[in-house]
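Report on one structure; see the data block that follows.
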Amino acid sequence: MAAQELTGVRSPSAGEYDPHTLEPRWQAYWDEQRLHQVHEGGQRPKRYVLGMFPYPSGRLHMGHLRNYTLVDVVARYSRMRGYNVLNPMGWDAFGLPAENAAIQHGEHPARWTYGNIDVMRNQLKRLGISYDWSREIATCDPEYYRWNQWLFLLMYRRGLAYRAEARVNWCPACQTVLANEQVVGGECWRCHSRVEQRLLKQWFLRITAYAERLLQDLDLLEGWPERVKVMQRNWIGRSEGAQVRFRVKETGDELVVFTTRPDTLFGVTFMVLSPRHPLAQRLTEGTPQAQVVRRMAEQMTAREQELAELPKEGVPTGAHAINPVNGEAVPIWVGNYVLMEYGTGAIMGVPAHDQRDLEFARRYGLPVRIVIQGPGVPEDPARLERAYEEPGVMVNSGPFTGLPSEQGKRAVVEHLQAAGLGQPSVQYRLRDWLISRQRYWGTPIPIVYCARCGEQPVPEEELPVVLPAQVDFAPKGKPPLASSPEFLQARCPRCGSSAQRETDTMDTFVDSSWYFLRFCSPRESRLPFDREAVAYWMPVDQYIGGIEHAVLHLLYSRFFTKVLYDEGLVSFQEPFTRLFTQGMVTLGGYAMSKSRGNVVDPLDVVSRFGADTARLFILFAAPPEKDLEWSESGVEGAFRFLQRAYRLVDQWAPLLEGVEAYRSGDGQSLGERERALRRAVHRAVRKVTQDCEERFSFNTAIAALMEAVNELYRYREQVADQPHRGVIRESLELLTLCLAPFVPHIAEQMWERLGHAPSVHLQPWPAYDPQALEVEQVTVVVQVNGRVRDRITLPADASEEELRAA
RNA sequence: GCCGGCGUGGCGGAACGGCAGACGCGCUCGACUCAAAAUCGAGUGGGCAGCCCCCGUGUGGGUUCGAAUCCCACCGCCGGCACCA
């Protein structure tokens, strides 16, 4: 084949790679053939592949492109490997932006949301992601959110949903409360406003009841990144210790503290109460300190996030506490460094062995007593520069003196327990999940309040409690739903008299805590999901999404799954067997964001280069778990590669008509060039297989395919007149099959050009030929003392002796 | 402060105990062209006129015939948690 023929016609002429006609054509074909619709059952093993479903903001961004491209590679590869693959898509459709659109532009949230969904669905289709669109769901659909209500009632019945007055996070901009998980560094996770604290009566889900299991079962998640598990462990924050009962000398009240260091109990020289501890107020009543305590309580309420920067301060209550192990009376103080939310809201002060207590003691001239001896601990407590917090040997500790601290902890707790003065205790940092939101565009909480019967769950048969269409969207200190009289009016399910509906809606994270179950049977109308379908598809085999959900969605979903397990509705305890967290897409080193103005629209890239180029670039430019810097010239490089691959097929196709692909072992002997070509191609097949199978190393898989293409060009250059058609056909077919998961449209086109009927995506994944990989000659590098001394070329089957001899 | 991760050419990255820099971007040169673009080909860590030579994977040690890779210490960057008793 003459080289001139291969060169340059610029744009859309026959034979040139033209994604703009080719991609829509194959997308339409896949749609018509319902290629990606799946059903339960059959011979093939199932594989559930899932990307975190998007919020329908209006346009896809690069994060979506990356997420869903990764999902699609796994899905398409898995299909070729013979799996029955579930790859569904839906919309996390409730949330604040829709409501803001209503307030700002007067467009109803529902209209806005469904409009966005239509746009984004088309965008996803344009990317060629192989979804089973027949399973599409939107959480704002009453047929979806009725099951949020159903699950809420299930939790309520099990004592896991409750209403309580508590200090809660309030976002002044969003005009709603937030869960602890949604406060990041003291700011609202959505709008970054400074979060305030308010005392409100709100609905909670008792996730703390599952703290231990959520922690323990992390060990089962071998397919999760360590990073995410560590973040969840930190968030749950388990610490083991003891509760110790002190008694107030003056009043006889019991004062319980939690400590992780019972071995330091003989070192207690004072007690500190949180300003909001009930005793703090009682013990100071009528004294001049009462006002200081109130002031400190307010200060802590308003600025919990900056507490750590506040200097430690306190006031004495005048009362004393009796130490249960030695009968000593120590002064009880109120201090601004003790949190009411953790432990018992009171601590024992051991200044020698806790840095915070030491700072407090030094400030107020309280005594310091050393009870743990260790390296660097001085005799004289006055010379203690920092508290000694490491383990050591107990001293000045009565009968426990001489015990190593670990052993001492157990001994002291046993002693306390025997005397009824304390017991072992485990504390968690995790708090219950606050799910009330004072917003419109969410799931109504299915509760009514009756003057006579109090709080009553809405009976299941009355679900869904539908969102009213007409409300006042602009919040004026009360939830929008309270502005709809028709909604507000209800009947008490118990006594039938008139009652009022709950007007808060649910946190949208409730919606996403079980959507993966709904995908298994999206039209099921009697239950949130069909149990058989869930038994078949679940758990999700490969979940892919961003790291930002490490302690939000991923923790909540685990919690929901465990509740459903306890209810006997599912038979697995963890929803996601394997998790992959992708890196961000950056430009100029920063995450793309509107406010920074460094956004590249993935659909712009698609309209210029096609979906395959956009996909290829984002897969190739970095390993998927790392951040990826967007590069315009990199995109062009990806396009160039596709052109090169396409040209090979297009220009060789006429020569290959009626030619069988070469198979090794069919008796033909090949020349050195053909063997070199086959070696490169089969090496690429092996590399792509390993990279898809053993790790998510798609960047190196694509690099291997680029090498194969380079090798094909080299071959063409060398054998201009005498190409081996069988080997060329074999090579091009293998190349096409291996490209299929990454760049599905061009692969389909190449497959067709090679004379095959569609679809390439229904072909089995190719096996590499081990014979092709064999080399007759190997170059052995001889190293002496770390230096390359020589290179010897030997037959590949040379024995070790021969090698030594050489 | 505690926990986790990462440091490799001009850039993204590869190799993860065996020839460091695959693949791509960028750059240089050549072919084609009146010319350019596109395409095809050659080159591209530093030193050196050049090499089969010397240096080189954050820094300093160690293990090993052999270390970017394993171990120890340090430095720097990123992320999570943080007055949680």
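Lettering follows sequence order; numbering is per chain, from 1.
Look at A:Asn699 and you won't find any side-chain N or O under 4.0 angstrom from OP1 or OP2 of B:G24. One finds no side-chain N or O of A:Asn710 lying less than 4.0 angstrom from the OP1 or OP2 phosphate oxygen of B:A22. For B:C3, the OP1/OP2 oxygens have no side-chain nitrogen or oxygen of A:Arg429 closer than 4.0 Å. When the side-chain nitrogen and oxygen atoms of A:Arg640 are compared with OP1 and OP2 of B:C25, one or more of them lie within a distance under 4.0 Å. Residue A:Ser239 places at least one side-chain N or O under 4.0 Å from the OP1 or OP2 atom of B:A85.
Other residues, nucleotides and ligands place more than 12 heavy atoms under 6.0 Å from the CD atom of A:Glu694. Heavy atoms from other residues, nucleotides or ligands lying under 6.0 Å from CD of A:Glu222 number 12 at most.
Using a 4.0 Å heavy-atom cutoff across all strands shown, A:Gly237 reaches no nucleic acid atom at all. At the heavy-atom level, A:Val272 lies nowhere under 4.0 Å from the strands shown. Within the nucleic acid shown, A:Glu707 comes within 4.0 Å of sugar-phosphate atoms alone, with no base atom in reach, counting heavy atoms only.
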Could you spell out the base pairing of RNA chain B as a dot-bracket line? Use Watson-Crick and G-U wobble contacts where both distances are under 3.5 Å, [ ] for crossing pairs, | for partners on a different strand.
(((((((..(((.....[....)))((((((.......))))))(((.....)))..(((((..]....))))))))))))....

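The distance between atom CD of A:Gln355 and atom C1' of B:G1, rounded to the nearest whole Å, is 10 Å. We find that CG of A:Asp627 is positioned 13 Å from C1' of B:C77, with the value rounded to whole Å.
Comparing B:A85, B:G12, B:A15 by their nearest atom to the side chain of A:Lys687 picks out B:A15. Distance from the side chain of A:Ile347 is smallest to B:A85 among B:A85, B:G41, B:C25. Comparing atom distances between the A:Arg647 side chain and each of B:G41, B:U39, B:C23 picks out B:U39 as nearest. Comparing atom distances between the A:Ser633 side chain and each of B:C83, B:G13, B:G26 picks out B:G26 as nearest. Ranking B:G41, B:C81, B:C23 by closeness to the A:Trp235 side chain, first place goes to B:C81. Each of B:G41, B:C3, B:G13 was ranked by its minimum atom distance to the side chain of A:Arg644; first place goes to B:G41. Checking B:C40, B:A85, B:C83 against the side-chain heavy atoms of A:Tyr713 singles out B:C40 as nearest. With distances taken from any side-chain atom of A:Met706 to the nucleotides B:G24, B:C81, B:A85, the minimum falls on B:G24. Distance from the side chain of A:Phe620 is smallest for B:C23 among the nucleotides B:C23, B:G4, B:G80. Ranking B:G80, B:G41, B:A85 by closeness to the A:Glu717 side chain, first place goes to B:G41.
Judged purely by distance below 3.5 Å, without hydrogens or angles, the side chains of A:Glu359 and A:Tyr337 never pair a donor atom with an acceptor atom.
Relative to the six-membered ring of A:Tyr713, A:Arg644 meets both conditions, a distance below 6.0 Å and an angle of at most 45° to the axis.
Closest approach of A:Cys738 and A:Val685 over heavy atoms only: SG-CG2, 3.9 Å.
A 4.5 Å side-chain heavy-atom check between A:Leu705 and A:Phe742 finds at least one atom pair inside the cut-off.
Rounded to whole Å, the C1' atom of B:U8 lies 8 Å from the corresponding atom of B:A20. Between B:U59 and B:C65, the distance separating the two C1' atoms is 26 Å to the nearest Å. The P atoms of B:A85 and B:A15 are separated by 42 Å, rounded to the nearest whole Å. Remark: the separation of the C1' atoms in B:U57 and B:U39 is 36 Å, to the nearest Å.
Aromatic ring centres of A:Trp333 and A:Tyr364 lie closer together than 6.0 Å. Ring centroids of A:Trp630 and A:Phe617 are separated by less than 6.0 Å, placing the two rings close together.
Nucleotide B:G66 is shown with an anti base, its glycosidic torsion being more than 90° from 0.
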